[in-house]
Amino acid sequence: MKTRRTLLLFGLASLVMQGVAMPTTGGLGNDDNDNPLLKASGLTFNAPDFSKIKDTDYLPAIEQAIAENRKEIAAIVADKRKPTFANTILALEKSGVMLDRVTSVFYGLTSAHKTPVIADTEKKITPMLTELENDISFNAALFQRIKYVYDHEYARLSGEDKRLCEVVYKQFVRAGALLPPDKMERMKQINLRIAALQQQWGDLLPEATNAAVVWVDTEKELSGLSQADIAQCRKDAESRGGKAPYCIVITNTTQQAVLASLDNRDLRRRVYEASRHRADGTRQHNTYPIVVEIAKLRAEAAALMGYPNYASYSLEKTMAKNTDNVYAFLRQLIKEYAPKAEAETKAIETYAQQTMGPDFRLQPYDRFYYSAKMKQQAYSLSDDEIKPYFNIDSVQKNGVFYAAQRVYGLTFKERKDIPTYHPDMKVFEVIDKDGQPLALFYSDYYRRPTKRGGAWMSSFAKQSALRGQLPVIYNCCNYAKAPDGQPTLITWDEVCTLFHEFGHALHGMLSNCYYNTLSGTATARDFVEMPSQFNESFASIPEIFDHYARHTDTGQPMPAALKEKMLSSINFHAAYALGENLAATCLDLAWHMLGIDEIPTAEEAPDFEAKALREIGLLNEQIPPRYSTSYFNHIWASGYAAGYYSYLWTEVLAVNVASCFEQRGVLNPNVGQDFRDKVLSRGNTKEQMELFTDFTGMTAPDASGLLKARGL
């Protein structure tokens with residue numbers, strides 16, 4: 001999903017991992033202005049016209065939009081009339097539209113196509129936007145108007161008006177609007193410094209990941225890889241300067257998928273260590289100084305707000321509500337998971353010893369390799385056998401889109417006339433069941449040096465009836481693109497990622513809210529991942545699977561025997577995936593449970609990580625965190641600080657929702673419409689637990705089926 005660079009009140013600097021993007025319409029400015037960002041584009045849904053936008057257009061456009069937003073806020077404050085919902089809350093909702101429009105496009109590029117000019121612009125605008133947000137968040141006269149409306153009119157409001165009033169008031173309070181002047185001033189300074197540090201992180205981590213590439217001299221060293229994968233290593237080497245004939249690119253997670261295939265143990269070790277140490281100072285880069293300063297500033301901000309630590313402050317606005325509930329949830333999972341993980345590791349090492357001898361000791365860079373061999377032996381199955389049935393174009397059109405058509409009645413028409421920021425992108429017009437246009441959807445699936453790692457959803461424009469805006473949504477991934485003329489084939493995990501990110505896209509596209517602030521994916525962090533995790537379940541539904549899993553050369557469906565083996569093998573050695581997630585989750589919480597004086601130094605950070613995992617029972621060399629502290633982008637530069645647990649939490653919600661679909665008809669369009677009406681279209685117009693209850697009939701999530709769903 002998307003990232004949040006700072007704790008900005010209205011999310012002016014939201015990025016793509018968070019699932020909440022900025023709108024792009026309204027506030028069209030002077031038609032005589034030559035800057036295309038300050039005009040209506042004339043394209044469908046006012047989508048950005050990348051054929052006209054230059055990288056140098058963003059800075060002046062954002063500067064002008066900031067100035068206009070300041071005038072809008074000043075006009076609200078200067079209003080001499082008694083504060084009302086209309087002249088204060090609604091006026092605030094109507095402000096900043098030009099800035100929303102420009103920054104939504106700009107921050108799409110900072111994540112997906114960060115050229116030198118974009119990077120330089122980001123450095124310049126980050127303090128500007130943070131200063132603007134401070135000036136709004138701590139504007140005493142503005143807050144007094146908001147508070148007056150909340151105190152005197154809130155009880156009489158209804159529907160989205162009431163929810164918007166509540167959300168805006170609480171946003172100001174949580175930002176520090178009730179603080180005394182000295183603490184308010186310190187909070188401003190903290191916001192500015194965190195924004196600057198996250199900007200540094202956003203530059204340093206991609207550099208570190210790109211620099212961690214592992215160079216390979218001979219094809220022989222790549223033994224075990226398919227010819228297509230070897231060709232990709234050659235292509236990657238050429239695109240990165242050709243220091244050697246081949247290279248292995250490091251992806252964003254700790255473990256690297258390539259380790260399942262490499263026969264050369266020393267090369268496996270090099271790849272694993274390059275991943276683990278990409279940003280800890282062992283190599284060229286070191287993010288720890290940034291990490292500890294952000295952690296200390298967050299702890300101080302929480303203390304200013306009266307909380308013992310940042311986790312307590314952050315969780316107050318979630319479904320989980322507090323750290324006790326989160327830890328109770330996690331400890332139950334750890335208790336059930338731990339013996340299964342130990343047995344899994346022992347089984348892999350015993351298997352390896354059959355060929356390597358009784359003295360062989362399994363290392364973390366061996367685990368994927370021998371697990372893959374065990375899987376091959378158990379199921380006579382390999383990725384190379386499966387991948388020809390997962391052509392990315394078929395997965396998208398005959399799988400992801402087909403499921404949305406069956407369940408929600410949507411159809412998709414490719415629009416080659418709409419410009420994109422990169423030629424690899426595709427654009428589709430989304431048409432609703434009544435034949436009316438619903439949204440635009442952009443897909444940007446291939447990795448490149450200018451794109452950060454991972455996969456995410458965001459929007460160039462959020463849906464808002466007030467703004468007359470239909471949603472303009474995009475998904476980004478980081479798949480290796482096949483050489484020209486060859487089909488791009490992906491793994492099962494990558495298939496699931498496409499379905500996952502499109503679940504976020506559906507949450508944005510099916511939004512039907514009046515206010516931009518409440519629309520789409522603007523929900524609590526521990527709810528926003530539910531629609532995406534639920535959407536993954538469609539990937540393996542027989543009717544959907546058979547529709548997209550067709551051989552790239554022959555077009556024939558996957559043979560029944562191969563399909564059965566593949567689907568049966570999905571949860572093979574499933575303890576690892578759960579363990580790496582649990583470890584990362586507990587690492588996130590450990591950092592954000594600290595008080596100001598408890599934050600370790602940069603030099604102490606690695607030991608703190610080990611200590612935190614040891615104390616919770618997750619220090620396991622064989623199952624390291626999915627993200628280690630030094631490259632945990634979710635929590636240091638995104639919206640998941642003290643919130644990474646939400647992936648597991650929302651997986652429980654998704655299992656419960658999937659159960660409802662199974663009971664009522666998985667591909668029953670009436671069930672899909674019910675889910676759309678009660679959940680996907682509602683954004684943040686109600687408490688998320690109410691949305692969950694409205695659809696499932698359950699008063700609370702039921703975690704009993706999680707381990708079973710994971711094959712444990």
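We use all heavy atoms of the structure for the numbers below, so side chains are in, but hydrogens, waters and symmetry mates are not.
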message = Could you check whether K162 makes a cation-pi contact with Y154, meaning its NZ or CZ is under 6.0 Å from the centre of the six-membered ring and within 45° of the ring axis?
response = yes
ask   = With a distance cut-off below 6.0 Å to the six-membered ring centre and an angular limit of 45° from the axis, does R298 pair with Y310 as a cation-pi contact?
value = yes
task = Test Y640 against Y647 for ring-ring contact (aromatic ring centres under 6.0 Å, His included), laying out the working first.
result = CA-CA 10 Å; Y640 286 84; Y647 281 99; 5.3 Å; yes
Is it the case that [X] and [Y] place a side-chain donor and acceptor less than 3.5 Å from each other?
X    : Y    : result
N46  : S41  : yes
N87  : R145 : yes
Y515 : D161 : yes
S532 : E529 : yes

Taking the basic N atoms (NZ, or NE/NH1/NH2) and the acidic carboxylate oxygens, is any pair closer than 4.0 Å for [X] and [Y]?
X    : Y    : value
D120 : K123 : no
R186 : D182 : no
K686 : D694 : yes

key: is_close_aromatic(Y107, Y58), centroid dist under 6.0 Å   = no
message = Would you say the rings of W201 and H634 are close, in the sense that their centroids are separated by under 6.0 Å?
response = no
